[in-house]
Amino acid sequence: MNPSPVKTRFAPSPTGYLHIGGARTALFAWAYARRHGGKFVLRIEDTDIERSTPEAVQAILDGMQWLGLAHDEGPFYQMQRMYRYKEVIGQMLAAGTAYHCYMSKEQLDALRAAQEAKKEKPRYDGTWRPEPGKTLPTPPSGVQPVVRFRNPTDGVVAWDDQVKGRIEIANAELDDFIIARADGTPTYNFCVVVDDWDMGITHVIRGDDHVNNTPRQINLLQALGAPVPRYGHLSMILGDDGTKLSKRHGAVSVMQYDADGYLPEAVLNYLARLGWSHGDDEIFTMAQFVEWFDLDHITSSAAQFNTEKLNWLNAHYIKLADDARLGQEIRRRLVREGVTETAAPDPAEIAALYKDRVQNLNELADSAHAFYVAPHPSDDLVAQHLTDAAKAALADLRRRLAEADFSPAALAQTLKATLAATGLKMPQVAIPLRVVLLGQPQSPAIDRVLAALGRARVLDRLDRLL
RNA sequence: GUCCCUAUCGUCUAGAGGCCUAGGACAACACCCUUUCACGGUGUGAACCGGGGUUCGAAUCCCCGUGGGGACGCCA
């Protein structure tokens, strides 16, 4: 009476980067295992040698790492398990649950075309399926056969889908699908079954597009005498425009979100909330997510990705983030742009100045840029803001700043002194000053900006434009 | 064509027959805060796909439409 411990898996095929839909599937499978104190397996389904690449494997590993979805077992590679698949195929052939089929691709294509012309569902017609009392055709010489699974012909396959509820499919809808190609290599549905069995997977949490594979896999499992795991099918994620996610939507790779300045915790929180809910909770930590996660509160219909909401979450997590960490992110991005002199001011200090005002790390770095590289305000800006009155005020301020104490509090007093001397209002001085100092009319509180910049930079920039 | 899934504000969703004059969040709009721009705060507008049942009572259960999605490979 050993209750079988929960074991889930994420099984991507390495034919591209880890996209946002795959990331959510991984997140849910991971969370389910964590929630139940079980294991999370990473399996790379690389049997499509034409399209699988080592770069894609690396991209998936990188994406998982960035998100912090650590696996307990694996990564397993299907290409390294060929011996095992061939062994099981041999056993099935011997047991009569699978058989050789000599129908050529051309014949199959013709069969399908004829069925489609008659408006029928295209399916294999069972020519080479052995039956008691049936005489099989003579195998043509020189043709390498494929191996087909002998699928039951009557009854239904049913399972209680953990997210969609009970699903039943008539066996009459299924045909004898190929489990090994003419060259002997096993196919997808077969490898999945052997792997899920061998790896002791108890809960298969995967995309909606696999619903149709499930009855075939259950039949196979049963033919093998293997336990049938529980299945839960997650509906797909649509793009921002409501259409299917594709490369044309831009930032579909998880790592693209890193490049675009998103924090992993924001992406994770967003993804968790996309298709799953816990009452009215919108913002939660991964620890809370793991504690709350269940399959009962997953939405069964497709969800549209909403960048606006992700942006909001990202802004929220940036406000929460540690200044030193944000400083690192600023430095990393500035260096990428060729700004190497980031020793002073301390990027963490600039982060503190701007973290409440930006939606992503790239905006943060863009804001910080002018603190390290003197800006070149456009002629328009200069003409608009650096009026004669403003210049006179800035000249007055410059004289005072040359001697002033550079603490924010003292700077505020200095600014006020200039206002008193010139009779101008704060914005009339502060805005031109921002243009001179940072190249744009908006910024955080001007006294804090002055303090962060430091006397040398401030005076230098004033001198350039006065 | 056949089979399967699906349907609440623009979007993500709450909702397990009465708690629903349908709640929250993003976005939008308005106001407040303010040394600019943001942030933040407060508030407003905004939805149960259609038609039949079942029931004293349906957003919730059933059926039929319709819309959307998926599958039907010697791809995964």
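Not measured: the values here are computed from a predicted model. Throughout, protein chains are lettered first and strands after them, A, B, ... in sequence-line order, and every chain is numbered starting at 1. We use all heavy atoms of the structure for the numbers below, so side chains are in, but hydrogens, waters and symmetry mates are not.
At the heavy-atom level, A/E282 lies under 4.0 Å from base atoms of the strands shown. Using a 4.0 Å heavy-atom distance criterion, A/K319 is classed as a sugar-phosphate-only contact. At the heavy-atom level, A/I446 lies under 4.0 Å from base atoms of the strands shown. Across all strands shown, A/H297 has heavy atoms under 4.0 Å from sugar-phosphate atoms exclusively, and none from any base. Within 4.0 Å (heavy atoms only), A/A182 reaches at least one base atom of the nucleic acid.
Salt bridge status for A/R112 with A/D109: present, with a side-chain N to carboxylate O gap under 4.0 Å. We find that A/D196 and A/R43 are joined by a salt bridge, their nearest charged nitrogen and carboxylate oxygen being less than 4.0 Å apart.
The side chain of A/L108 lies closest to B/C74, out of B/A27, B/C4, B/C74. Candidate nucleotides B/U35, B/A7, B/U11 were compared by shortest atom distance to the side chain of A/M426, and B/U35 ranks first.
Nucleotide B/U11 forms a Watson-Crick or G-U wobble pair with B/A25, both donor-acceptor distances falling under 3.5 Å.
Of the residues in residues 154-166 of chain A, those placing a heavy atom less than 4.0 Å from an atom of RNA chain B are A/K164, in numerical order.
A 4.5 Å side-chain heavy-atom check between A/L453 and A/F406 finds every atom pair outside the cut-off. Using a 4.5 Å heavy-atom threshold, the side chains of A/M103 and A/D125 count as touching.
Of the side-chain N and O atoms in A/S277, one or more sit less than 4.0 angstrom from OP1 or OP2 of B/A14. For the OP1/OP2 pair of B/U36 and a distance below 4.0 Å, the side-chain nitrogens and oxygens of A/H385 include no atom meeting the criterion. The shortest distance between the side-chain N/O atoms of A/T15 and the OP1/OP2 oxygens of B/A76 is not below 4.0 Å. OP1 and OP2 of B/U36 both lie 4.0 Å or more from every side-chain N or O belonging to A/K425.
Taking atom OH of A/Y317 as the reference point, atom C1' of B/C39 lies 18 Å away to the nearest angstrom. A straight line from CZ of A/F177 to P of B/A76 spans 12 Å, rounded to a whole angstrom. Put simply, CG on A/N311 is 9 Å from P on B/A27, counting in whole angstrom units. Atoms NE2 (A/H19) and P (B/A76) sit 16 Å apart, rounded to a whole Å. At whole-Å resolution of the value, CD in A/Q359 and P in B/G40 are 10 Å apart. Taking atom NZ on A/K309 and atom C1' on B/A28, their separation rounds to 15 Å, with Å as the unit.
Remark: the A/N362 side chain and the A/R333 side chain contain an N/O donor-acceptor pair separated by less than 3.5 Å.
Classification of the A/H100-A/Y102 ring pair by plane angle, with boundaries at 30° and 60°, yields tilted. The aromatic rings of A/F284 and A/W276 lie perpendicular to each other, with more than 60° between the two planes, well past the 30° mark.
The six-membered or imidazole ring of A/F28 lies near that of A/F293, with a centre-to-centre distance under 6.0 Å. Separation of the A/Y270 and A/F305 ring centroids falls under the 6.0 Å cut-off.
Atom name C1', nucleotides B/U21 and B/U36: the rounded distance is 44 Å, in whole Å. Comparing the P positions of B/C5 and B/C62 gives a spacing of 12 Å, expressed to the nearest Å. Across B/G57 and B/G18, the matching P atoms stand 14 Å from one another, rounded to whole Å.
Annotation: salt bridge (Lys or Arg N to Asp or Glu O under 4.0 Å) contacts of A/D176 (sequence neighbours excluded): A/R129.
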Completion exercise
In B/S/- notation (B base, S sugar-phosphate only, - none; protein heavy atoms under 4.0 Å), nucleotides 65-72 of chain B written 5' to 3' is ----SBSB
